[in-house]
Amino acid sequence: MSESNPQYQPEPAADPEAAEGKLGEILEQRRRKLEQVRQEGGDPFVNRFPISHRIGEIADKYGELSDEEYEETKAQRFVVAGRVMAKRLQGKVVFMDLRDGTGRIQLFVRMNELGEEAFARVKELDIGDIVGSAGGVFRTRTKELSIWVREIQLLTKSMYPLPEKWHGLQDVETRYRQRYVDLIANPDVMGIFHKRSRMIQLMRRFLDDRGFLEVETPMMQPIAGGAAAKPFTTYHNTLDMPLYLRVAPELYLKRLVVGGIDRVYEINRNFRNEGISTQHNPEFTMVEFYMAYADYNDLMALTEEMLTGIVEDVAGGRTLTYGEEELSFETPWARFKWHDAIVELGECPAEVLRDAGAAREHALKLAARTGYPIPADMDHVHLLEFLFEETVEPKLRQPTFIYDFPRALSPLSKSREDDPEIVERFELIISGREIANAYTELNDPDDQRGRFEAQAAAREAGDEEAHEVDWDYLRALEYGLPPTAGEGIGIDRLAMLLTDSPSIRDVIFFPLMRKTQD
RNA sequence: GGGUCGCUAGCUCAAUUAGGCAGAGCAACGGACUCUUAAUCCGUAGGUUCGGGGUUCGAUUCCCCGGCGGCCUACCA
């Protein structure tokens with residue numbers, strides 16, 4: 001543990017001296033039991049306990065047997081281990097619920113089976129203790145699948161009381177700060193993270209099956225490129241060099257495409273030094289993939305295929321319930337050109353597209369309602385962007401592709417062949433949120449240099465989120481980036497939709513929290 | 001960052017309307033019980049009411065300052 005921050009004093013672990021009242025009393029009792037185990041020659045923290053089955057396996061393989069078959073399995077030896085979640089004392093019989101990472105099973109412990117001494121030790125076990133047990137598989141009179149316990153042993157003494165069994169752990173702060181308790185006490189939380197892992201597994205499989213190579217690129221970068229965002233800064237002492245935590249892996253992945261890895265992807269964290277909300281965590285997970293000889297139309301089709309597959313697998317159909325909404329992933333998804341959407345969906349007057357003055361007038365009218373300040377020097381494109389975000393985005397509930405963006409909003413995207421002011425880019429919006437962003441990659445080094453220079457000028461003018469010029473990336477483009485399309489999908493936000501979670505913090509094990517001061 | 005709401009036993013929640021001895025369930029502890037499953041029954045114990053200050057005879061309750069958190073909002077994905 002670091003001693004560098006005297007203000008930060010984590011609570012001492014299970015120290016009965018430090019805790020008062022009921023908690024201190026419970027901690028003392030647990031300490032006493034631990035000492036008693038040692039005095040009887042036992043080990044309250046054993047090193048190894050070889051199991052024969054995980055608990056879920058027993059339910060799968062032996063859950064549906066006939067009475068005759070249970071006569072056999074009751075005589076056999078199954079060895080399981082897990083955490084005691086409930087204890088029901090019944091005189092000379094004890095029932096306990098044992099849970100491991102795969103499921104829950106009941107232990108049926110009889111004094112006649114174990115003898116008085118061993119049975120007394122079982123009664124001393126606490127809810128929360130990790131135990132190992134051997135015995136037969138059978139069903140009780142009430143037909144509960146159970147282990148007929150012939151041997152039972154404490155493996156790890158739990159020193160802290162668990163939350164209440166029926167309501168679980170409700171306090172959101174404790175749930176985020178002590179996720180391990182949340183996972184023990186709230187089975188639904190376990191389910192959310194299983195779904196998240198499943199979703200990522202399916203993405204990997206989808207991309208692997210299509211010949212994409214999974215890679216890892218730098219998280220610490222001398223230039224933070226690939227997205228418009230404020231980076232975290234850090235420093236390398238030996239090289240005497242400032243570094244940025246990456247805001248996106250984009251420029252490195254495209255360098256790999258130049259190098260010949262013409263289908264490539266990375267699933268990993270990005271870091272953006274911005275606000276925290278139900279939609280934003282400072283570190284978040286993206287899958288970013290690049291496919292040479294494809295354009296943004298190909299990626300729209302690919303995205304539909306990948307996400308419907310995931311939704312079908314994880315949700316069991318093409319429909320998701322998210323809060324009050326029913327989201328249908330039935331293909332094809334709605335598609336609107338960015339400019340058209342402002343008029344057709346946003347119900348802005350058509351002249352805002354052609355006339356900056358009209359756009360300003362309409363933007364000011366909307367801004368008056370929301371109190372958003374429209375700077376006097378805001379140009380036409382950014383006025384339209386404001387109108388889009390204000391009038392269109394909130395209306396897009398069902399999966400929708402918005403495509404053909406203005407070039408000025410897309411410094412790394414390629415222009416359409418028939419219109420240099422429009423780039424081949426799309427965003428996937430679901431439930432009013434941007435889930436994916438993709439484009440045909442700008443591979444003309446001269447064009448890219450021009451865009452970088454425009455960004456550099458914006459940076460000079462004070463835009464902290466504008467790109468720095470990445471000269472090596474320009475050189476890579478000069479070697480030749482084949483025609484390529486690339487896409488990034490926000491994993492956390494997708495996980496929110498798939499698990500019906502209202503906050504991004506519900507799908508991230510350890511969301512960033514302010515440190516506590518005692 | 002701004003606004004707003006919240007913080008009571010290890011956990012889940014009462015009591016705050018209008019200031020008057022802070023309660024219950026689970027968990028814990030002692031006892032009964034050889035098929036229970038939110039086991040049941042009898043009994044015991046457990047509180048810096050987030051911290052500090054103020055008003056008051058008296059503050060969990062009212063006021064101020066601070067801490068942490070939720071939600072809304074802003075920057076963004």
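Numbers restart at 1 for each chain; the letters A, B, ... are given by sequence-line order, proteins then strands. We use all heavy atoms of the structure for the numbers below, so side chains are in, but hydrogens, waters and symmetry mates are not.
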TODO: Could you check whether Phe284(A) and the base of A77(B) form a stacked pair, meaning centres closer than 5.5 Å and planes differing by less than 30°?
DONE: yes
Task: G47(B) to G2(B) separation - C1' atoms, rounded to the nearest Å - done: 36 Å
- [ ] Please measure how far the C1' atom in C33(B) lies from the corresponding atom in C42(B), and state the result in whole Å.
- [x] 12 Å
Open item on the list: Check the orientation of Tyr62(A) and Phe78(A). Use parallel for under 30°, tilted for 30 to 60°, and perpendicular for over 60°.
Closed with: perpendicular
- [ ] Classify the ring geometry between Trp148(A) and Phe138(A) as parallel (under 30°), tilted (30 to 60°) or perpendicular (over 60°).
- [x] perpendicular
From the set [options], return the single nucleotide nearest to any side-chain atom of [X].
X: Leu23(A); options: C35(B), C29(B), G10(B); answer: G10(B)
X: Thr278(A); options: U34(B), U37(B), C72(B); answer: C72(B)
X: Glu274(A); options: U34(B), C75(B), C11(B); answer: C75(B)
X: Thr140(A); options: C29(B), C11(B), U37(B); answer: U37(B)
X: Arg514(A); options: G1(B), U34(B), U36(B); answer: G1(B)
X: Lys92(A); options: A77(B), U34(B), U37(B); answer: U34(B)
X: Phe138(A); options: C71(B), C35(B), C33(B); answer: C35(B)
X: Glu173(A); options: G69(B), A38(B), G25(B); answer: G69(B)

- [ ] Determine, for Arg425(A) against Asp404(A), whether the closest basic-nitrogen to carboxylate-oxygen distance falls under 4.0 angstrom.
- [x] no
- [ ] State whether the distance check finds a donor on one side and an acceptor on the other, under 3.5 Å, for side chain Lys165(A) versus base A38(B).
- [x] no
Task: Main-chain N/O of Gly56(A) paired with Arg104(A) side-chain donor or acceptor, under 3.5 Å - done: no
Open item on the list: Pairing check on G25(B): which nucleotide meets the Watson-Crick or G-U wobble criteria with it, both distances under 3.5 Å?
Closed with: C11(B)
TODO: Would you classify Ser503(A) as touching base, sugar-phosphate or nothing, given that sugar-phosphate means primed atoms plus P, OP1 and OP2, and contacts are heavy atoms under 4.0 Å?
DONE: sugar-phosphate
